[in-house]
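Notes to accompany the following structure.
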Amino acid sequence: LIEPLHPADQADMLERLSDEQISDFLSLLGKSLDPEVLVYLDLNIQEKVIDFIGPKALAKAIPELHSDDAVEILQELEEADRNVIIKQLPKADRILVEEALSFPESSAGRLMQREFLAFPGNWTVGQTIDHMRNQSQENEENFYSVYIVDPAHRLLGVISLSRLLSAKRPVRLSNLMETSPRSVNVDTDQEEVSLLFQQYGLVNMPVTDKVGRLLGVIIVDDIVDVINEEAEVSANISRLRFVRIFNTTKINLLILLFC
């Protein structure tokens with residue numbers, strides 16, 4: 001009954017349970033726990049689940065997640081615990097995680113995912129589509145665009161999937177791409193990234209290093225959390241201002257009454 005549920009629904013169930021019930025729930029699932037459930041959990045519950053499954057199980061789960069989700073989970077752990085997990089990761093995943101964690105905490109580098117589609121400009125539409133068909137379909141829901149890069153992996157352009165799929169097979173990507181795509185540097189603050197997404201109605205945005213090499217992509221799903229956090233901070237600031245103004249007004253009224 002539990003396994004067919006979407007990971008977000010499983011996470012919602014977990015968050016409604018007591019600590020004892022969470023243990024029973026996880027015991028019932030055993031190795032069938034979808035690693036993606038961790039992504040949707042409130043931080044407090046996520047911590048309890050990670051403590052229950054242990055570092056070995058978490059190390060096995062991390063490679064199954066999108067790279068940005070893996071980094072988000074790992075960065076919340078204590079440094080010692082995080083290092084234990086990272087040492088157990090496959091080499092390729094370990095390198096990506098360590099590089100991501102080396103970027104500033106609130107930067108685009110922490111937010112981006114490393115799974116994206118990039119091709120040389122001299123490829124045709126037919127070649128590109130055939131290549132995509134031969135790849136794993138696990139992450140297809142996160143691909144909205146394909147990126148065109150030069151031999152040094154510098155970003156040259158972008159093509160939306162809809163435009164790519166509607167083009168004729170012999171057309172070269174360089175003749176189809178939108179040049180000078182909007183992008184952000186890996187060190188750009190996440191708040192600035194969220195403003196760009198909101199201002200231009202973006203669904204994704206490439207992330208580059210200082211010489212323009214394509215490093216990753218930020219998806220709108222990931223920026224939503226940043227936008228929500230900003231809204232919450234703004235609401236808290238507004239409440240504090242109201243309380244301050246109310247208290248000041250009350251003090252002034254008392255002064256007037258007793259003068």
Side-chain angles (χ1 to χ4, degrees), residues 1-90 93-94 96-98 100-107 110-115 138-139 141-142 190-191 194 218-240 243:
L1 293 174
I2 297 171
E3 289 182 42
L5 294 176
H6 187 279
D9 295 322
Q10 292 188 34
D12 185 57
M13 286 181 63
L14 274 167
E15 290 174 353
R16 296 169 184 267
L17 302 178
S18 65
D19 289 354
E20 184 178 347
Q21 289 172 325
I22 288 174
S23 298
D24 292 339
F25 183 94
L26 295 173
S27 297
L28 182 63
L29 279 180
K31 294 182 179 179
S32 299
L33 177 67
D34 188 333
E36 199 176 350
V37 171
L38 295 170
V39 177
Y40 294 98
L41 289 172
D42 173 82
L43 285 178
N44 290 331
I45 305 300
Q46 185 186 92
E47 184 179 350
K48 292 175 183 178
V49 172
I50 289 174
D51 287 342
F52 182 88
I53 66 175
K56 189 174 181 180
L58 182 58
K60 286 184 178 180
I62 289 296
E64 296 185 40
L65 300 173
H66 295 144
S67 54
D68 56 323
D69 291 329
V71 170
E72 186 176 359
I73 288 171
L74 288 170
Q75 70 184 6
E76 296 298 333
L77 301 178
E78 295 290 337
E79 185 176 359
D81 296 333
R82 182 167 62 241
N83 291 336
V84 169
I85 304 299
I86 291 174
K87 286 179 182 178
Q88 297 181 58
L89 296 177
D93 294 286
R94 185 169 68 249
L96 290 179
V97 165
E98 288 177 338
L101 290 171
S102 71
F103 299 128
E105 189 171 343
S106 296
S107 67
R110 289 287 187 102
L111 207 55
M112 69 181 180
Q113 66 177 44
R114 307 303 288 269
E115 301 85 8
E138 290 180 3
N139 300 316
E141 73 277 5
N142 283 327
Q190 292 179 8
E191 288 189 18
S194 73
I218 295 175
I219 306 295
V220 66
D221 293 0
D222 300 313
I223 209 67
V224 165
D225 292 335
V226 177
I227 294 171
N228 289 338
E229 286 172 11
E230 289 176 14
E232 187 177 342
V233 169
S234 296
N236 288 337
I237 290 173
S238 296
R239 281 194 291 269
L240 286 172
V243 170

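- Nearest heavy atom pair, residue Val226 against residue Ser194, reads CG1-CB, 4.0 Å.
- Annotation: the span from Asp24 atom CG to Ser18 atom OG amounts to 8.0 Å, rounded to 0.5 Å.
- Rounding to the nearest 0.5 Å places CD of Glu98 at 5.5 Å from CD1 of Ile86.
- Looking only at side-chain heavy atoms (C-beta outward), Asp222 and Asp69 come within less than 4.5 Å of each other.
- The distance from atom CD of Glu47 to atom CG of Leu77, rounded to the nearest 0.5 Å, is 8.5 Å.
- The CG atom of Asp68 sits 9.5 Å away from atom CG of Asp221, with the distance rounded to the nearest 0.5 Å.
- A donor-acceptor pair is defined here as one N or O able to donate and one able to accept, closer than 3.5 Å; no such pair exists between the side chain of Gln113 and the backbone of Ser67.
- Closest non-hydrogen pair, Glu115 versus Leu65, comes out as OE2-O, 4.3 Å.
- Contact check for Val49 versus Ile45: side-chain heavy atoms found under the 4.5 Å cut-off.
- We find the CD-NE2 distance between Glu36 and His66 to be 6.5 Å, quoted to the nearest 0.5 Å.
- Scanning all heavy atoms of the two residues, the minimum distance from Gln10 to Leu5 falls at NE2-O, 3.2 Å.
- Under the 4.5 Å side-chain criterion, counting only non-hydrogen atoms from C-beta, Ile73 is in contact with Ile50.
- Within the model, atoms CG of Asp34 and OH of Tyr40 stand 9.0 Å from one another, a figure rounded to the nearest 0.5 Å.
- For the pair Arg110 (side chain) and Phe103 (backbone), a donor-acceptor distance under 3.5 Å is present.
- Residues Leu58 and Leu38 meet the side-chain proximity criterion, which asks for heavy atoms closer than 4.5 Å.
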- Would you please test Leu26 and Ile22 for side-chain contact (heavy atoms from CB on, under 4.5 Å) and show each step? CA-CA 6 Å; Leu26 295 173; Ile22 288 174; 3.9 Å; yes
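- A donor-acceptor pair under 3.5 Å is formed between the side chain of Glu15 and the backbone N or O of Asp42.
- Here the side chains of Val71 and Leu74 are not in contact, with every heavy-atom distance at 4.5 Å or above.
- The closest side-chain heavy-atom distance from Pro63 to Leu89 is below 4.5 Å.
- Residues passing the salt bridge (charged side-chain N to carboxylate O under 4.0 Å, His left out) test with Asp12 are Arg16, sequence neighbours excluded.
- Gln88 approaches Ala59 most closely through the heavy-atom pair CB-CB, 3.6 Å.
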